[in-house]
Enquirer: 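Supplied in structure tokens, the structure appears directly below.
First the proteins, then the strands, lettered A, B, ... as listed; each starts at 1.
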Protein chains: 2
Amino acid sequence: MSAIAAALGVSAATVSNALSGKGRVSPELVQRVRAKAAEVGYVPSLAARALRTGRTGVLGLVLPDISNPLFPQIAQAIENAAANVGYGVLIADSRGDIATQTEAINRLIERGIDGMLIVPRRGTRISDVGCPVAVLDTPSTPGNTVSADHWDGGMQVGRYLASLGHRKVLIIGRSPTSNVQSDRIGGVKCGLGSEVECDTLWSEKVEEIYGPNCMLGLAERAAQGFTAFAALSDLLALRALTELQHAGISVPDMVSVSGFDDSIWSSVVSPSLTTVRQDMATVADLAIAALMRVIEADADADDANAAKVTSDPDRVPMQLLVRQSTGAPKTAVPGAGAFHPHAHHPNNSTAGEVKQ
Amino acid sequence: MSAIAAALGVSAATVSNALSGKGRVSPELVQRVRAKAAEVGYVPSLAARALRTGRTGVLGLVLPDISNPLFPQIAQAIENAAANVGYGVLIADSRGDIATQTEAINRLIERGIDGMLIVPRRGTRISDVGCPVAVLDTPSTPGNTVSADHWDGGMQVGRYLASLGHRKVLIIGRSPTSNVQSDRIGGVKCGLGSEVECDTLWSEKVEEIYGPNCMLGLAERAAQGFTAFAALSDLLALRALTELQHAGISVPDMVSVSGFDDSIWSSVVSPSLTTVRQDMATVADLAIAALMRVIEADADADDANAAKVTSDPDRVPMQLLVRQSTGAPKTAVPGAGAFHPHAHHPNNSTAGEVKQ
DNA sequence: CATCTCTGCTTAAACGTTTAAGCAGAATAG
DNA sequence: CTATTCTGCTTAAACGTTTAAGCAGAGATG
């Protein structure tokens, strides 16, 4: 920067003003400064700027468990949204347990981040940290900033299954302690309506008895008359799908399976999984925007009032993707099949038909 | 920091020396400074330090495609290894295309990172960037720094399948342009030996004709006498598994399926997938260690000689995880079943038996 | 006793920005 | 013609560290 100043015979302050457009600089000089800066390949020192302004231009992303298959989507969306407003993203993995989560948060703060995005471990509440925070969980979580409308997503699944004619549905969740899963369940039940018999299976409970990754006993459930298995995540849906197939139960001919999240594998398995997609890009954009508002506000009036993003929690609609793993039950009432548009063609390469 | 200095009646420089252990400070004073620092909750300004020393304590992680299901493992391992040596990790997603990759790299550099870890998009070579770089690809890639020994992993799969008695094996890859996949194929073929008939199927080629996520025609292959399907990734293995099951072909009773990478779902599907795991933690540790060496060296003699990490590329062994998706072919020669220890029990909850 | 070395600290400069304050000249107003 | 305002720039301080250089006193050495 001083090189530019020297080359043009002006002061460094003027160059700074010219580039930032802050002070009073003649338009003509601004041009020359810009040109010179481009010529010498000037890149401002973020460190110096951070030192002076107290803002680093970096956000922290705290994830409950990086091995979460949804993580790539989240990280990509957040990174993208942050980059669009000129911010970098520092990742922190809390590897499941709460202590590590706290430690990770502290590490981020020591690094001098301007704000934080937290996808909280299920069940944890984020205590006040010393910087703007956006929480990405589910609308019903207190302190949540923005998230997909999991309840609504569940409702779409419920309504869809009911409309296909299913009258006995098994909801498969992992753990009742997850707010996200609770919301999804509420939605599914609501969407199914009161006419549909419906039971919930928690994989964690089953695993307590039979060990991790055990079978869930779905073949038996099918024998009991359940015709649809609404899993609360694609991982569970995949587990259900393969378990049923492995037991010789054909999907969707004999029973239907649906998932959540549109994970990477949901479209490549056979039959491809009907699922509900979160619009991560929008969630990320809203989260970043909310953070930016707080950061700006903090910069203006830096009394330590607004540590938490509190705009009324945005809920982003989810999108039902109807694929091949769902269909009318064998005993379906004729005429109820408005939602069953796809013949199950062996080489049906459709990535997913979108409802609505 | 100046507060500590004032409170103890010494200069700020002395406090700095005391905390860093650099200059000459009496042990007794060091104690008092440490105590005071803890008392007032002193956290050093990374920005100021970065400005002064030119080192930010941040590494960049460039990923080819964040939606890669292996990404969580990589990111977690890298973040962990970096945190252990006091570094933060800034992520950059190159969303597949090369232009974005270059742009992402530049963004990182402008942020003033000390070094970079790149998992290159298949086929791309990393040109000289202006900072230390570690490339994580596969040993046969020129410029590779450290990676799992994919060739060896392939060999383990090949040998294992051959030992089970398979004599006609289909290798399923995505694209011949991937160095990782090439190495894996080489290993598999080598491990199978010359007695085994073996063909390779590229999913990308099939998809060019039938569209994305189409079926791969594996039932037909099974009819042709292929008894084992060695996929080069767990995603392909999953695709194979479900496609076969969906066609009514039982795994592993009729044919075997194996994958690579021990992805999140490989242990929960039925039957659980035999796969080969990369020791990401070790890869990450080695990569970080290599980066540290270059960064240190750069700091000492800062002539711009060593921009690339060039320790002879480390190759980390892979580990075959034998699960339920592989077994002896129906026509297996009796006595060849040394590798088939597990009865296929419906509720077999084994997460994976480890060979060797 | 004079000189040298070592110890434990201080002083001061530097890193590269931003930004408040100031100042000379030109334009405008009375 | 003087007083005011505006314009376009400069000066200087500040952000919080690190680190080279310096310096006074204590102990060792000749």
Side-chain angles (χ1 to χ4, degrees), chain A residues 1-34 36-37 40-58 86 88 109-114 130 295-296 298-300 302, chain B residues 1-34 36-37 40-58 86 88 109-114 130 295-296 298-300 302:
Chain A
M1 179 148 130
S2 49
I4 299 178
L8 295 178
V10 298
S11 75
T14 305
V15 174
S16 174
N17 282 330
L19 291 175
S20 67
K22 282 264 177 88
R24 293 178 303 211
V25 188
S26 69
E28 182 256 359
L29 183 53
V30 170
Q31 288 296 330
R32 277 173 42 221
V33 170
R34 287 234 182 88
K36 200 73 190 175
V40 302
Y42 164 74
V43 303
S45 155
L46 278 300
R49 182 175 297 169
L51 177 58
R52 179 65 231 251
T53 62
R55 307 245 305 267
T56 54
V58 174
I109 292 190
E110 284 175 20
R111 291 223 168 269
I113 55 170
D114 294 343
I295 292 176
E296 299 298 328
D298 269 13
D300 294 350
D302 54 49
Chain B
M1 179 146 129
S2 49
I4 299 179
L8 294 178
V10 299
S11 75
T14 304
V15 174
S16 173
N17 283 329
L19 291 175
S20 67
K22 283 266 176 89
R24 294 177 301 211
V25 188
S26 69
E28 183 256 357
L29 182 54
V30 170
Q31 289 295 330
R32 280 176 36 226
V33 169
R34 287 233 183 89
K36 200 72 190 175
V40 302
Y42 165 74
V43 303
S45 155
L46 277 299
R49 183 175 295 169
L51 177 57
R52 178 66 231 251
T53 62
R55 308 245 305 267
T56 53
V58 173
I109 292 190
E110 284 175 21
R111 290 223 169 269
I113 57 170
D114 295 342
I295 292 175
E296 298 299 328
D298 269 13
D300 294 349
D302 55 47

Enquirer: Base, sugar-phosphate, or nothing: which does Ser45(A) touch, judged by heavy atoms less than 4.0 Å apart?
Expert: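 Touches sugar-phosphate only.
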Enquirer: Taking all heavy atoms of Met1(A) and all of Ser16(A), pick out the closest pair and write down the distance.
Expert: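 Of all heavy-atom pairs spanning Met1(A) and Ser16(A), the closest is CE-CB, 3.5 Å.
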Enquirer: Within the 4.0 Å heavy-atom criterion, would you say Leu29(A) contacts the bases, only the backbone, or no part of the nucleic acid?
Expert: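 Touches sugar-phosphate only.
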Enquirer: When the distance from CD1 of Ile4(B) to P of dG16(D) is rounded to whole Å, what number comes out?
Expert: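 After rounding, the gap between these two atoms is 13 Å.
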Enquirer: Rounded to the nearest 0.5 Å, how far apart are CZ of Arg24(B) and OG1 of Thr14(B)?
Expert: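 Answer rounded to 0.5 Å: 11.5 Å.
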Enquirer: So do the side chains of Tyr42(B) and Leu19(B) get within less than 4.5 Å of each other, counting heavy atoms only?
Expert: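 In short, these two side chains touch, coming nearer than 4.5 Å.
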Enquirer: Specify the separation, in whole Å, of atom OH of Tyr42(A) and atom C1' of dG16(C).
Expert: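 Roughly 8 Å, once rounded to whole Å.
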Enquirer: State the OG-CZ distance between Ser45(B) and Arg52(B), to the nearest 0.5 angstrom.
Expert: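 Going from OG on Ser45(B) over to CZ on Arg52(B), the span is 14.0 Å.
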Enquirer: Extract from the structure each pairing of a protein N or O with an N or O of nucleotides 10-12 of chain C at less than 3.5 Å, listing the distance.
Expert:
{"unit_1": "dT10(C)", "atom_1": "OP1", "unit_2": "Ser11(B)", "atom_2": "N", "d": "3.4"}
{"unit_1": "dT10(C)", "atom_1": "OP2", "unit_2": "Ser11(B)", "atom_2": "N", "d": "2.8"}
{"unit_1": "dT10(C)", "atom_1": "OP2", "unit_2": "Ser11(B)", "atom_2": "OG", "d": "3.0"}
{"unit_1": "dT10(C)", "atom_1": "OP2", "unit_2": "Thr14(B)", "atom_2": "OG1", "d": "2.6"}

Enquirer: Rounded to the nearest 0.5 Å, how far apart are CG of Asn17(A) and CG of Leu29(A)?
Expert: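 Those atoms lie 10.0 Å apart.
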Enquirer: Rounded to whole Å, how long is the line connecting atom CZ of Arg49(A) with atom P of dG16(C)?
Expert: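 It works out to 14 Å between those atoms.
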Enquirer: Write down the distance between CZ (Arg32(A)) and C1' (dC9(D)), rounded to a whole number of angstrom.
Expert: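 About 12 Å, once rounded to whole Å.
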Enquirer: Using a cut-off of strictly less than 4.0 Å, decide whether Ser26(A) has a side-chain nitrogen or oxygen near OP1 or OP2 of dT7(D).
Expert: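 No, because none of the side-chain N or O atoms of Ser26(A) sits under 4.0 Å from OP1 or OP2 of dT7(D).
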Enquirer: Between dG16(C), dT17(C), dT17(D), spot the one nearest the side chain of Met1(A), thanks.
Expert: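 So the side chain of Met1(A) is nearest to dT17(C).
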Enquirer: Quick one: is dT19(C) close enough that its OP1 or OP2 comes under 4.0 Å of any side-chain N or O from Lys22(A)?
Expert: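 Result: yes.
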Enquirer: Using whole Å, report how far CD of Glu28(B) lies from C1' of dC9(C).
Expert: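 That distance rounds to 13 Å.
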Enquirer: For Gly88(B) and Arg111(A), which heavy atoms make the closest approach, and how far apart are they?
Expert: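 What the structure gives for the nearest pair is N-NH2, 3.1 Å.
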Enquirer: Could you check whether atom CZ of Arg55(A) has more than 12 heavy atoms from other residues, nucleotides or ligands sitting under 6.0 Å from it?
Expert: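 Counting neighbours around CZ of Arg55(A), more than 12 heavy atoms of other residues, nucleotides or ligands fall under 6.0 Å, so yes.
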Enquirer: If I take atom CZ from residue Arg32(A) and atom CD1 from residue Ile4(A), how far apart are they, to the nearest 0.5 angstrom?
Expert: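 Interatomic distance, Arg32(A) CZ to Ile4(A) CD1, rounded to 0.5 Å: 12.5 Å.
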Enquirer: Nearest whole Å is fine: how far is dG16(C) P from Leu46(A) CG?
Expert: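 Distance, rounded to whole Å: 13 Å.
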Enquirer: Would you kindly give the CG-to-C1' distance between Leu51(A) and dT19(C), to the nearest whole Å?
Expert: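 It is 14 Å, rounded to the nearest whole Å.
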Enquirer: Below the 4.0 Å mark, does dT18(D) have OP1 or OP2 next to a side-chain nitrogen or oxygen of Thr53(B)?
Expert: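 So the side-chain polar atoms of Thr53(B) never come under 4.0 Å of the phosphate oxygens OP1 or OP2 of dT18(D).
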Enquirer: Counting any heavy atom closer than 4.0 Å, what does Val30(A) reach on the DNA or RNA strands: base, sugar-phosphate only, or nothing?
Expert: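 Nothing, no heavy atom under 4.0 Å.
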Enquirer: So, taking the atom named OG1 in Thr56(B) and the one named CG in Leu46(B), what distance separates them when rounded to the nearest 0.5 Å?
Expert: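 Rounded to the nearest 0.5 Å, the OG1-CG separation comes to 9.0 Å.
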Enquirer: Calculate the interatomic distance between Glu110(B) atom CD and dT17(C) atom P; express it in whole Å.
Expert: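 Going from Glu110(B) (CD) to dT17(C) (P), I get 12 Å.
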Enquirer: What's the separation between atom CG in Asp114(A) and atom CD in Glu296(A), rounded to the nearest 0.5 Å?
Expert: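 Reported to 0.5 Å precision, the distance equals 10.0 Å.
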Enquirer: Quick test: give all pairs of protein nitrogen or oxygen and nucleotides 22-27 of chain D nitrogen or oxygen below 3.5 Å, distance rounded to 0.1 Å.
Expert:
none

